[in-house]
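Data first, discussion second: the structure below is written as structure tokens.
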2 protein chains.
Amino acid sequence: MRPTVHDIAAAAGVSLATVDRVLNQRAGVREVTRKRVEEAIREIGYIRDVAAANLAKGRVYPLVFILPTSDNSFMHGLHNEVRQAMIRSGTERTDIHIREVPAFDPQALVAELERLAEEKPAGVALVAADAPEVLAVVDRLVASGVPVVTLVSDLTGSSRCHYAGVDNIAAGRTAARLLGRFLGGKAGDITVLAGSMMVRDHRERLEGFTQVMSEEFPSLNLLSVLEGRDDPDMAYALISDALGSNDRIIGIYSLGAGNRGLIRALKARHQERTLTVIAHELTESTRGALTDGTIDAVLNQDAGHEVRSAIRVLKAKADGLGFIAAQERIRLDIFLKDNLP
Amino acid sequence: MRPTVHDIAAAAGVSLATVDRVLNQRAGVREVTRKRVEEAIREIGYIRDVAAANLAKGRVYPLVFILPTSDNSFMHGLHNEVRQAMIRSGTERTDIHIREVPAFDPQALVAELERLAEEKPAGVALVAADAPEVLAVVDRLVASGVPVVTLVSDLTGSSRCHYAGVDNIAAGRTAARLLGRFLGGKAGDITVLAGSMMVRDHRERLEGFTQVMSEEFPSLNLLSVLEGRDDPDMAYALISDALGSNDRIIGIYSLGAGNRGLIRALKARHQERTLTVIAHELTESTRGALTDGTIDAVLNQDAGHEVRSAIRVLKAKADGLGFIAAQERIRLDIFLKDNLP
DNA sequence: GACTTTTTGATTTACGTACATCAAATTCTG
DNA sequence: CAGAATTTGATGTACGTAAATCAAAAAGTC
């Protein structure tokens, strides 16, 4: 049987009440006594039974997810996963709220975060827009005792407790190597379709992609990046144009969302040429394109894992506990048509 | 506030004791009353507070992991992950025991499982050896109320509650496509190095690999499978031989363990030729080989995830609860040198 | 209708922790 | 050293469930 508060009391030669005061950092304990109790805790290896404690406290974890208002499939999926988590709130002692803010809008994010500094939830998860103001508010929130986790896109240099998302530089590098190897030494042009260079995750993917391309596949020539704002129609127009005006293009890397448009453009030119295409985020449309051969590989981050991980980490942090790092690492999924879930 | 047993009692117009009798399927309740209580439970949407219940019961989950005695890195890793879980036992209310049985030995497995049928643990996880006797005992165990989860290698057709491992046919297919695409239309021979065709996971990987190879890469010629018993020295000998006697080999798929030997053989011939190599399981040696370019891709299953998933599922099953299917799906990790963890 | 048997109710204790209250003991202050 | 302030102890209640006991009520039997 693992030791309980009673065992600490006995070991330290004090009463249960005193142990409680020490454990819950209440006032009214002399420094010497406090030391003695803490020593006893360490010695007998007491670990608080979080379940019992939560029961006694009637604790729930009020968590806030700040998500961008965005109509691409990935963000829809993310929203949906948070909603799934809300359904499980009853059994998980969470009380989850979603706050929507306009995408690519640091000011709105800051305003929302400042509001949260008042509310003092048990934890905050946000899709970070990469701006110094945001970093500053996040730091303030964390300093005031509210654990913050970044989701999908990180906020490097901030004091956020955890990042529940993939390593986007690694993702870009992986995409480059896959594309390069799939093209097997051929020479030609490569087009990159991004959402916006204003968001960190897209910038990082491009960075990684460019690194490996220039280092290891000199026969492939990177064209200037197309920015499709994660919008299907814009993506369609950009890719159609590019393919129409340049017949040296042999590969495409779509590192953002809005792949419906990309796929539409590719299908329109299907008979004319063979392209090697790598895209991000597994959605209904990319899955279809992967199956029928329009796309060769899809890199994915599992939104469900990200959300569940964020929740686990925030709960742990709220209790001042650690977490299993390996479990919370969000992996880059690589899907070919053969290993689709 | 979520409803409690008191709310059920009030709603059904019975006493707390009766509710308890119904909830814990104790005798002494008339059929009509039982129905009424069950109706009330459904109506107010009562969900048992597992944490409180476990606290009251002082419940621990005695779990048994049956693992093969095997000295390859992957199995070592698996052992280690179970040991990590044992360390967490205190906080997770588990009481985990490891039983080692000889590898590739259905009889030993059966004997162990029969012993467990007596002990009645809360759950059993095993690396299944694929034999009808094993299937029969597993079915009996499950029928007697002990949830069983297969680990790494499945037992198709059995009534095991869950399989915590990857889809090995998909893994083989993925390996074939990666190899085929990386070779970019070249013609030549492909060597497959397996552990043993007696274990299901290896058979399945080969099956998937062969499917895609023959369907989609006709210019690549599959040589007959080499069986290295997951042993480094044997693998070294087999691969050295093969490369020495056949200079048409341009690709290798190592679908089992014992890759240390493979890598040694490859490095010995490094200057002579370029091979495209795909291996399974990320270990220290495959990681090194991936980094230095000896291996082109590693397919991996995360042993830590498998163990944690098995535990979560067994606990849930022991309580008669469901689990989040998406969370428990073990994914096939594809590692290139760029996305190593 | 008296009897047995079964079903139900009322009540209590327990799990490990949190938290509050009040009294007793100790320390500090002047 | 008295008096005030602080520290500590003793005790009880609560959280939601499990499990046990014993009495009371209802149902079934002859």
Side-chain angles (χ1 to χ4, degrees), chain A residues 1-38 40-41 44-61 89-93 95 122 315 318-321, chain B residues 1-41 44-61 89-93 95 122 318-321:
Chain A
M1 266 299 165
R2 47 193 284 219
T4 74
V5 278
H6 295 85
D7 300 321
I8 307 176
V14 297
S15 78
L16 221 58
T18 303
V19 173
D20 180 71
R21 287 178 186 118
V22 173
L23 276 176
N24 296 293
Q25 19 222 13
R26 271 187 265 279
V29 183
R30 242 187 324 164
E31 201 46 37
V32 262
T33 322
R34 180 174 301 263
K35 280 256 150 52
R36 190 145 44 93
V37 173
E38 274 162 356
I41 291 175
I44 64 176
Y46 168 82
I47 307 155
R48 179 197 249 106
D49 183 331
V50 186
N54 283 344
L55 178 61
K57 278 195 283 211
R59 179 174 180 66
V60 287
Y61 300 82
S89 278
T91 42
E92 297 180 352
R93 294 186 170 277
D95 176 26
K315 284 173 75 172
D319 289 333
L321 301 174
Chain B
M1 269 298 165
R2 47 192 287 218
T4 74
V5 280
H6 294 86
D7 300 321
I8 307 175
V14 298
S15 78
L16 221 59
T18 304
V19 173
D20 179 70
R21 287 177 187 119
V22 173
L23 276 176
N24 297 293
Q25 18 221 13
R26 272 186 264 279
V29 183
R30 243 188 322 165
E31 200 46 37
V32 264
T33 321
R34 181 174 300 263
K35 280 256 150 53
R36 191 145 44 92
V37 173
E38 275 162 357
E39 180 58 28
I41 291 174
I44 64 175
Y46 168 81
I47 307 154
R48 179 199 250 107
D49 183 331
V50 186
N54 282 344
L55 178 61
K57 276 195 284 211
R59 179 175 180 69
V60 287
Y61 301 82
S89 278
T91 43
E92 296 181 351
R93 294 185 169 277
D95 176 25
D319 290 333
L321 300 175

query: Closest approach of A/Ala40 and A/Ala12, non-hydrogen atoms and distance?
result: CB-CB, 3.8 Å
Face-on cation placement of B/Arg59 at B/Tyr61 ring, 6.0 Å and 45° thresholds: yes
field: Value in whole Å for how far the C1' atom of D/dT17 lies from NZ of B/Lys57
entry: 9 Å
message: How many whole angstroms separate atom CZ of A/Arg59 from atom C1' of C/dG16?
response: 17 Å
task: Using a heavy-atom cut-off of under 4.0 Å over every strand shown, decide if A/Val50 touches base, sugar-phosphate, or nothing.
output: nothing
task: Could you tell me whether B/Arg48 contacts a base, only the sugar-phosphate backbone, or nothing, with contacts defined as non-hydrogen atoms closer than 4.0 Å?
output: sugar-phosphate
- line: Among the nucleotides D/dA18, C/dT17, D/dG16, whichever has the atom closest to the side chain of B/Ala53 is D/dA18
- request: By nearest nucleotide on DNA chain C, pick out whichever of B/Arg93 and B/Ala27 is the more 5' one.
  value: B/Ala27
task: Quickly work out the B/Leu23 CG to D/dT17 P distance and round it to whole Å.
output: 8 Å
- prompt: CZ of B/Arg2 to OG of A/Ser89: how many Å apart, nearest 0.5 Å?
  reply: 10.5 Å
message: At 4.0 Å (heavy atoms only), tell me whether A/Asp49 reaches a base, stays on the sugar-phosphate, or touches nothing.
response: sugar-phosphate
field: Atom pair distance, as rounded to whole Å: OH in B/Tyr46 and C1' in D/dA18
entry: 10 Å
message: Classify B/Asp20 by what it touches in the nucleic acid, base, sugar-phosphate, or nothing, heavy-atom distance under 4.0 Å.
response: base
field: B/Val19, B/Asp7, B/Val5 screened by side chain to side chain contact (heavy atoms under 4.5 Å, CB included) with B/Tyr46, the one that passes
entry: B/Val5
- prompt: Are A/Glu31 and A/Lys35 within salt-bridge range, i.e. N to O under 4.0 Å?
  reply: yes
message: D/dG9, OP1 or OP2 - any side-chain N/O from A/Thr18 closer than 4.0 Å?
response: yes
message: Can you measure A/Leu321 atom CG to C/dT17 atom P for me and round it to whole angstrom units?
response: 13 Å
query: OP1 or OP2 of C/dT7 sitting under 4.0 Å from any side-chain N/O of B/Arg21?
result: no
field: Most 5' of B/Leu55 and B/Arg30 on DNA chain D, judged by nearest nucleotide
entry: B/Leu55
statement: Closest of D/dA18, C/dT17, D/dT17 to the B/His6 side chain is D/dT17
Under 3.5 Å donor-acceptor pair, A/Arg2 side-chain atoms to C/dG16 base atoms: no
- prompt: Rounded to the Å, how far apart are B/Ile44 CD1 and D/dG16 P?
  reply: 13 Å
field: Nearest-angstrom distance from the residue atom CG of A/Asn54 to C1' of C/dC15
entry: 15 Å
task: Report yes if at least one side-chain N or O of A/Ser15 is closer than 4.0 Å to OP1 or OP2 of D/dA10; otherwise report no.
output: no
task: Would you kindly give the CD-to-C1' distance between A/Glu31 and C/dT27, to the nearest whole Å?
output: 15 Å
query: With a 4.0 Å cut-off on heavy atoms, is A/Gly28 in touch with a base, just the backbone sugar-phosphate, or nothing at all?
result: base
Approximate separation, where rounding is to 0.5 Å, of A/Glu38 CD and A/Thr33 OG1: 11.0 Å
